[in-house]
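This report concerns only the one structure given below.
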Amino acid sequence: MPAEPTARYLDNHATTRTDPRVVESMLPFFSERFGNAASTGHAFGDDAAAAVETARAEVAELLGAEPVEVIFTSGATEANNLALKGVLGTSPTNAHLVVSTVEHPSILDPAARLQRDGCQLTRIPCDADGRIDPETVISALTPDTVLVSVMWANNEVGTINPVIDCAQACHDRGVIFHTDAVQAAGRVPVNCRNLAVDLLSLSAHKIYGPKGIGALIVRRGTRRIRLAPQIEGGGHEGHLRSGTLPVPLVIGFGTACRLAREALESESNRLSGLAGTLVEGIRSRLPGVRINGHATDRLPGNVHLGFEGVDGDALLAGLRQIAVSSGSACTTANPEPSHVLAAMGVPEALSRASLRFGLGRFNTEEDIAVAVEEVVTTVERLRGVDNSPRPTVR
Ligand SMILES: Cc1ncc(COP(=O)(O)O)c(C=O)c1O
């Protein structure tokens with residue numbers, strides 16, 4: 001059912017509104033600057049190629065990477081597939097892969113596919129906050145392990161992982177390390193310059209850029225990572241990802257990365273403040289509200305709450321003035337409770353009665369006030385709390 005047109009958008013982990021400055025930067029590349037970035041040797045192609053390289057440098061700059069390490073893809077789903085299938089595609093058939101249980105389906109599904117095709121797979125557990133302990137990573141490694149993939153920040157509960165330590169532990173043992181940094185890049189500092197991260201995925205539409213463009217960062221540090229390309233034909237992107245580059249999207253991605261870098265600190269402080277107001281506002285008026293995810297090591301704009309004693313579907317359906325996500329990740333196609341909350345040990349009923357709020361650049365204090373009021377009154381109504389004015393007893 002479409003949300004009310006006036007609904008406040010609080011689902012910025014799912015996607016973000018494209019920043020008007022990003023749209024502005026893209027527009028000329030749909031019209032007068034329409035060249036193919038691979039058709040150099042004339043002004044149109046040269047212009048597109050130069051603009052693409054400027055954007056590539058902006059993406060690299062956000063992450064402390066080198067421009068040559070940025071491989072443009074159609075988004076993070078493709079980048080994650082390229083990382084996993086690319087590394088395993090250049091490894092022995094029965095090589096060992098380690099992923100965490102709380103990864104996005106764009107990691108879990110290719111990992112399951114690779115397992116069906118003969119690779120060994122270990123899914124490592126998280127703790128009650130959804131965090132992956134580097135010791136758990138280390139204990140999962142075997143002499144056959146070629147790749148470990150642990151996300152930088154979780155897309156449901158916002159927990160930030162000790163990726164630096166996980167990566168170092170893998171490097172010390174000669175294992176390639178990949179991180180899905182989709183929710184972290186552009187929201188919290190992600191700098192791979194001095195990190196043992198070999199491969200990193202990100203996506204433009206989570207940071208106020210356009211949908212349909214992302215990147216896999218393939219580090220060229222101490223050792224060369226060999227990847228089997230998943231899309232061939234033309235040799236674009238250093239033969240790792242063929243296909244004509246969507247120049248307007250690439251330009252928008254570059255602008256989004258620059259804006260995110262420039263605003264990183266102020267934006268993350270502002271969003272932490274709004275998140276605090278939201279949590280306080282709801283918990284000061286409602287009992288039985290549990291915070292899911294890590295108390296402090298979490299994405300600044302993420303609030304994930306479980307409401308005891310209410311039906312999750314009825315809760316979501318009752319919220320007409322705000323657009324948020326169900327904690328159960330429940331869709332008609334997938335009525336399963338969230339695999340992330342299950343891995344954290346959250347009871348199924350509470351998982352189904354959880355909400356994910358994703359605050360972003362365009363949210364205001366007024367949005368938060370509306371959200372608090374809407375959530376409190378809806379939960380009270382569902383819990384059967386009568387708040388109607390009582391007749392005065394004389
Ligand atoms: C953690 C994480 N990884 C990967 C993806 C997939 O990104 P894309 O939409 O660019 O394919 C998402 C999107 O929801 C995500 O949150």
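Whatever order the structure lists ligands and atoms in, that order sets their numbers, starting from 1. Along the sequence shown, the residues carry numbers beginning at 1.
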Carboxylate-amine/guanidinium contact [X] [Y], below 4.0 Å:
X      : Y      : value
Glu69  : Arg56  : no
Glu308 : Arg383 : no
Arg21  : Glu24  : no
Arg241 : Glu78  : yes

What atoms of ligand 1 come closer than 4.0 angstrom to any heavy atom of [X]?
X      : result
Ser203 : 8 (P), 10 (O)
Gly75  : 10 (O)
Asn155 : 1 (C), 16 (O)

Counting heavy atoms only, which part of [X] comes closer than 4.0 Å to ligand 1: side chain, backbone, both or neither?
X      : answer
Gln183 : side chain
Thr77  : both
Lys206 : side chain

Residue-ligand contact His205/ligand 1, heavy atom below 4.0 Å: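 Distance cut 4.0 Å: His205 passes for ligand 1.
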
Euclidean distance, Ser325 OG relative to Asp11 CG, rounded to 0.5 Å: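 Those atoms lie 4.0 Å apart.
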
Aromatic ring proximity Phe44/Phe34, centre distance under 6.0 Å: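 Distance test on ring centres: under 6.0 Å, yes.
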
Set of ring pair (Phe, Tyr, Trp, His ring centres under 6.0 Å) partners for Phe30, sequence neighbours left out: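 For Phe30, no residue satisfies ring pair (Phe, Tyr, Trp, His ring centres under 6.0 Å) once neighbours in sequence are set aside.
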
Shortest reach to atom 8 (P) of ligand 1 by a heavy atom, considering only Ser106, Ala76, Ser74: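 Shortest heavy-atom distance from atom 8 (P) of ligand 1: Ala76.
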
Nearest-contact summary for atom 3 (N) of ligand 1 - protein heavy atom, Å: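 Of every protein heavy atom, Asp180 OD2, 2.6 Å lies nearest to atom 3 (N) of ligand 1.
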
Protein contact of atom 15 (C) of ligand 1 - nearest heavy atom, named by residue and atom, plus distance: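 Going by distance alone, atom 15 (C) of ligand 1 is nearest to His104 CD2, 3.3 Å.
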
Hydrophobic cluster of Leu264, others only, ordered by chain and residue number, side-chain cut-off 4.5 Å: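 Joined to Leu264, directly or through intermediates: none.
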
Heteroatom proximity flag, His13 to ligand 1, N/O under 3.5 Å: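 Such a contact does not occur with ligand 1.
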
